[in-house]
Protein chains: 2
Amino acid sequence: MGLTKTEIFTEEQNQMAALLKAMAHPARIAILQRILKSNTCICGDLVDELGLAQATISQHLKELKNAGIIQGTIEGVSVCYCIEPKMWKLLQNQLEGFFSSYKGEQNCC
Amino acid sequence: MGLTKTEIFTEEQNQMAALLKAMAHPARIAILQRILKSNTCICGDLVDELGLAQATISQHLKELKNAGIIQGTIEGVSVCYCIEPKMWKLLQNQLEGFFSSYKGEQNCC
DNA sequence: AATTTATATCGCAATATTACGATAGATAAT
DNA sequence: ATTATCTATCGTAATATTGCGATATAAATT
C-alpha cells in the first residue's frame with residue numbers, strides 16, 4: 001500500500017489534513033515565518049538564509065503554493081512570494097474551531 | 001537523501017513541524033474529532049467507526065501519542081484515549097501566535 | 001487453565017517525501 | 001546578440017509513510 005484512503009473521509013478532513021501537511025516541515029515553517037516577518041519574500045533570499053539548496057527551496061515553495069497557502073508574483077528575474085490571504089484566514093478559522101472545541105479534562109481517562 | 005535536515009532549524013520550528021505532521025492525516029484528524037466530540041474514546045470504537053483495519057488505527061493512535069497530543073489509559077481489556085491537555089494548549093497557543101502574526105495584505109506582491 | 005476480547009507489534013509491499021546536482025527557461029544587463 | 005542572474009523542473013538516491021495480514025501480548029470471562 002502506501003496511499004492514503006481519502007475516499008473514506010470527509011472533504012473537510014481531507015482538506016485540513018492537506019493544509020497541515022503542507023505546513024508540516026521545518027523548512028516550510030521557516031519559509032512562512034520569513035514571509036510573515038517582512039510580509040513579502042524573494043525566493044533567492046530564502047536560499048541565502050536557510051541552509052538548503054536552491055532546488056530544495058523551490059520545491060518547498062511549490063508545495064506551499066499548491067496547497068494555496070502562498071502565492072508567487074514574478075518581479076523581473078526574481079519571484080516574490082507572500083501569504084494567500086483567503087486561505088490563511090480559512091485555515092486560521094478552521095484550526096481555531098478545531099482547537100477550541102476541546103472541553104477540558106472533565107470525564108477524561 | 002530523504003531525511004529532513006533538522007539540525008539547520010530552530011527547536012521551535014522542528015517541534016511545530018512535528019506536531020503538525022502528527023495531525024496531518026485525515027484518519028488522525030478524524031480520530032481527534034471523535035475524541036473531541038465525546039471527550040474520550042475507546043480504541044475499538046474507532047476501528048468500528050472509521051473504515052480502516054485495526055492495525056492501521058493502532059498505528060495512527062501511536063503517532064498521536066508519540067507526538068504527545070493524546071494519552072491512553074488502560075481500562076481492563078480496552079484502552080481509553082483522550083487529549084493531552086498541556087500539549088493541546090501549547091499547540092493551540094503556538095498556532096494562534098503564528099497565524100495572528102499575519103499583518104494583512106499591505107505591501108504584498 | 002482454557003477461551004474470549006482488545007490492543008500492540010512485526011513484516012512487508014506500495015507509494016510519498018526529502019534533498020540535491022544538472023539543466024532548462026526567462027528576464028536583465030552588457 | 002551574448003552573458004549573467006534567478007527560478008523551475010528533471011532525474012535520482014535515500015528515507016519515510018500508509019495500510020494490512022499475521023501474530024504477540026495482556027486482561028477478563030468461563
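Formation of a donor-acceptor pair under 3.5 Å by the B:K103 side chain with backbone atoms of A:S38 is not found in this model. B:E105 places no side-chain N or O within 3.5 Å of a backbone atom of B:C108 that could act as its donor or acceptor partner. At least one donor-acceptor pair under 3.5 Å links the side chain of A:S100 to the backbone N or O of A:E96. Put simply, the side chain of B:R28 never gets that close to the backbone of A:A17: no donor and acceptor are under 3.5 Å apart.
Atom CG of A:N66 and atom P of D:dA8 are 11 Å apart (whole Å). Taking atom CD1 of residue A:I70 and atom C1' of nucleotide D:dT7, one finds them 13 Å apart after rounding to whole Å. Rounding to whole angstrom units, NE2 of residue B:H60 and P of D:dT17 are separated by 12 Å. Atom NZ in B:K5 sits roughly 15 Å away from atom P in D:dA16 (whole-Å rounding). Atom-to-atom, CZ of B:F9 to C1' of C:dA19 comes out at 11 Å; the value is rounded to the nearest Å. In this structure, A:I57 atom CD1 and D:dT7 atom P are separated by 11 Å, rounded to whole Å.
Of the residues in residues 26-34 of chain B, not one places a heavy atom less than 4.0 Å from an atom of DNA chain C. Against DNA chain D, the stretch residues 15-25 of chain B makes heavy-atom approaches under 4.0 Å through B:K21, B:H25.
With a 6.0 Å radius and a threshold of 12 heavy atoms from other residues, nucleotides or ligands, B:E11 has its CD atom at or below the threshold.
Taking the side chain as every heavy atom from C-beta outward, A:Q15 and A:L90 approach each other to under 4.5 Å.
Taking CG of B:L50 as the start and CD1 of B:I31 as the end, the distance is 6.0 Å to the nearest 0.5 Å. One finds the CG atom of A:L95 at 8.5 Å from the CG atom of A:L19 (value rounded to the nearest 0.5 Å).
Evaluation of the ring pair (Phe, Tyr, Trp, His ring centres under 6.0 Å) test over residues 12-54 of chain B, restricted to residues two or more places apart or in two chains, returns B:H25-B:H60. Among pairs with a residue in residues 43-52 of chain B, those fulfilling side chain to side chain donor-acceptor pair (under 3.5 Å) read B:R34-B:E49, at least two apart in sequence or across chains.
Residues satisfying the ring pair (Phe, Tyr, Trp, His ring centres under 6.0 Å) criterion with A:F98, sequence neighbours excluded, are B:W88.
Between B:E63 and B:G76, the residue anchored closer to the 5' end of DNA chain D is B:E63, taking for each the nucleotide with the nearest heavy atom.
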Taking protein heavy atoms under 4.0 Å as touching, what does nucleotides 5-12 of chain C look like 5' to 3' if B marks base contact, S marks sugar-phosphate-only contact and - marks none? BSBBB---

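Within 4.0 Å (heavy atoms only), B:L52 reaches sugar-phosphate atoms of the nucleic acid but no base atom. The residue A:E75 sits apart from the nucleic acid: no heavy atom pair falls under 4.0 Å.
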